[in-house]
Every structure is written in structure tokens, then in C-alpha cells.
Amino acid sequence: MDDGKGAYAPRGPRPVAVAACVFGALVLAGALLGPVWWLLAPDRARGTALGGGEVFTGTTEALFAGEGSFVLITALAGLVGGYSAYMAQFALARRRPRDLRLWCLVAGFLGSAAASVLVWRIGMLLDAPLHTALALAQAGEEVEVGLRLDATAFLVVWPFVFVLQYALLDLISLVRRDQPGVPRAVRVPADPAPAGPVPGTAAGPPAGQAPGAPRPGPSPVGDGPDPLTG
């Protein structure tokens with residue numbers, strides 16, 4: 001908000017409210033994408049129970065396909081989330097000047113991390129009957145393996161892509177110099193030069209002197225009347 005003196009004077013807990021909305025929207029998206037992963041994942045892998053809830057699946061394609069679908073879903077969510085969060089703060093900062101970029105970036109990163117965990121846990125929860133059957137299976141039995149992530153490093157895909165997309169959009173805005181809410185120095189134009197000659201110089205007679213009147217000062221030829229002025 002402009003305080004009338006050319007300076008920005010933001011008021012109220014607006015950045016906290018915006019950051020909370022970004023965080024909540026991403027967490028809600030994670031809760032909704034958990035069932036999506038469960039539905040879109042391919043057929044479940046089959047393996048041999050080892051007892052105690054452990055299973056040997058080998059290098060089965062179904063197991064890698066389940067993890068691959070998780071990566072694709074969360075990466076796409078990171079792209080959409082990063083774009084939406086940046087454009088939302090862009091519009092809000094343009095309406096009421098306030099730099100919200102860092103607030104939305106931190107909230108988006110934390111929300112993306114929480115959403116990624118939600119997708120993982122909800123997908124596994126929906127396959128709870130398969131996990132229960134595996135836990136009760138005797139060693140050597142062939143069982144169907146529910147959704148899970150052997151490589152939990154895949155949980156960083158969503159927050160990583162979110163930050164990458166967000167930073168790319170901010171870089172584009174920086175190059176275009178259209179970042180809303182960021183104060184800029186105001187350039188004051190210099191005073192214009194006088195339009196006519198300065199009085200008292202060679203370009204014109206002194207102020208208050210009629211044109212054609214003799215110029216004051218000593219004669220260029222010594223004492224006596226000046227021959228140049230008659």
C-alpha cells in the first residue's frame with residue numbers, strides 16, 4: 001500500500017494469510033491425489049512372503065510401475081502447484097503492492113512436502129488389505145504386494161519441482177522487470193535548460209536596458225568618447 005510519500009506501507013497479517021492458503025491448498029491436493037495414485041497405479045506386483053511382513057519381489061515391472069506412477073503424479077502436481085502459487089501471489093501483489101514471493105515459496109515448499117507424504121500414506125492405506133495379508137502370510141507363500149515406496153527419496157519430487165517452477169517464473173518476471181510489490185527507485189528528471197539567452201551575457205543586453213543603447217563599461221580605445229557608439 002502506498003502511504004502517499006512514495007513508500008510502501010503494508011498493513012495487516014496479509015502475508016501470513018496468503019501463505020496459510022497456499023499451504024492448505026497443497027495439503028488438500030495431496031489428500032485428493034492419494035486415491036488418484038491408487039486408481040491409476042497398474043496391477044499390483046506379486047512376490048514371495050519371507051515372514052514378518054517382508055516380501056521378495058525381485059525386479060518385477062509392476063513394482064517399478066507403481067513407484068513410477070507416483071513420481072509422475074507428484075511431478076505434475078509440483079508443476080501445477082508452482083505455477084498456481086506464483087500467479088496467485090502475482091495477482092495479489094499487483095492489486096495491493098506487497099512482496100509475497102518469499103512467503104508463498106516457503107509455504108509452497110512445506111505444503112508440497114506434506115502433500116507428497118499424504119499421497120504416499122493414503123495410497124498405502126487404500127491397499128491396507130494387501131498389506132495385512134502380507135503381514136499374516138507364512139514364509140514361502142505367494143502374495144500380492146500393495147502400493148508402497150521402496151525408494152522414499154521419491155517424496156522430494158513434488159517440493160523439488162514446485163520450487164523449480166516457482167523460481168523459473170520469478171526469473172522470467174525479474175528479466176521482464178514486472179515484479180509487483182517490489183519498490184523501485186523513482187528517477188527525478190533534471191531541470192530543463194533556459195530557452196533563451198541569459199540576461200547580461202554577450203547574447204543579449206542586460207535586464208532593463210533598451211535595445212541599441214550603449215553598453216556600460218570602459219571604452220575599448222581609452223579615455224574619451226567611444227567612437228563605436230558615436
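These numbers were taken from a predicted model, which means no experiment stands behind them.
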Q: Would you sort out whether L125 and R121 count as a side chain to side chain contact (heavy atoms under 4.5 Å, CB included), showing the intermediate values?
A: CA-CA 6 Å; L125 182 62; R121 302 307 298 180; over 6 Å; no
Q) Among the clusters formed by ILVMFWY side chains lying less than 4.5 Å apart, do L174 and F90 turn up in the same one? A) no
Q. Is a side-chain N or O of S84 found less than 3.5 angstrom from the main chain of G81, in a donor-acceptor match?
A. no
Q: Hey, could you give me each pair passing ring pair (Phe, Tyr, Trp, His ring centres under 6.0 Å) that has a residue in residues 19-42? Not counting sequence neighbours.
A: W37-F70
**Q.** Contacts of V161 that satisfy side chain to side chain contact (heavy atoms under 4.5 Å, CB included) - sequence neighbours left out
**A.** A75, L79, V157
**Q.** Partner set under side chain to side chain contact (heavy atoms under 4.5 Å, CB included) for V36, not counting sequence neighbours
**A.** L33, L40, I73
Q | Which atom of L100 lies closest to which atom of A93, heavy atoms considered | A | CD1-N, 4.4 Å
Q) Which residue pairs pass the salt bridge (charged side-chain N to carboxylate O under 4.0 Å, His left out) test when at least one of the two sits in residues 76-93, sequence neighbours left out? A) none
Q | Any residue meeting salt bridge (charged side-chain N to carboxylate O under 4.0 Å, His left out) with R95, in chain and number order, not counting sequence neighbours | A | none
Q | Over all atoms of both residues, closest heavy-atom pair of Q89 and C104 | A | CB-SG, 3.5 Å
Q. According to the salt bridge (charged side-chain N to carboxylate O under 4.0 Å, His left out) rule, which pairs have a member within residues 79-91, sequence neighbours left out?
A. none
Between side-chain atoms of residues 163-170 and protein atoms elsewhere (two or more places apart, or another chain), which donor-acceptor pairs fall under 3.5 Å?
residue, atom, partner, partner atom, Å
Y166, OH, R101, O, 2.8
D170, OD1, Y86, OH, 2.9
D170, OD1, R101, NH1, 3.3
D170, OD1, Q179, NE2, 3.3
D170, OD2, R101, NH1, 3.4

Q.
Between L149 and M124, does the side chain to side chain contact (heavy atoms under 4.5 Å, CB included) criterion hold? Intermediate values first, please.
A. CA-CA 9 Å; L149 290 180; M124 291 183 61; over 6 Å; no
Q. Any salt bridge (charged side-chain N to carboxylate O under 4.0 Å, His left out) pairs touching residues 15-27, not counting sequence neighbours?
A. none
(Q) Apply side chain to side chain contact (heavy atoms under 4.5 Å, CB included) to residues W103 and V22 and explain how you reach the verdict. (A) CA-CA 9 Å; W103 289 89; V22 171; over 6 Å; no
Q: Mind jotting down which residue pairs meet the salt bridge (charged side-chain N to carboxylate O under 4.0 Å, His left out) criterion with at least one end in residues 151-162? Sequence neighbours excluded, please.
A: none
Kindly list each side-chain donor-acceptor pair under 3.5 angstrom involving residues 108-119, sequence neighbours excluded, with atom names and distances?
residue, atom, partner, partner atom, Å
S112, OG, G108, O, 2.7
S112, OG, W158, NE1, 3.4
S116, OG, L155, O, 3.0

Q: Give the minimum heavy-atom separation between L105 and F162, together with the two atoms involved.
A: O-CE2, 4.0 Å
Q: Share the residues that join L28 in a hydrophobic cluster, the rule being Ile, Leu, Val, Met, Phe, Trp or Tyr side chains under 4.5 Å apart at the heavy-atom level.
A: L32
Q. What heavy-atom pair brings A107 and A19 nearest, and what distance separates the two atoms?
A. CB-O, 3.3 Å
Q.
Once side chain to side chain donor-acceptor pair (under 3.5 Å) is applied, what residue pairs with a partner in residues 20-30 remain, sequence neighbours excluded?
A. none
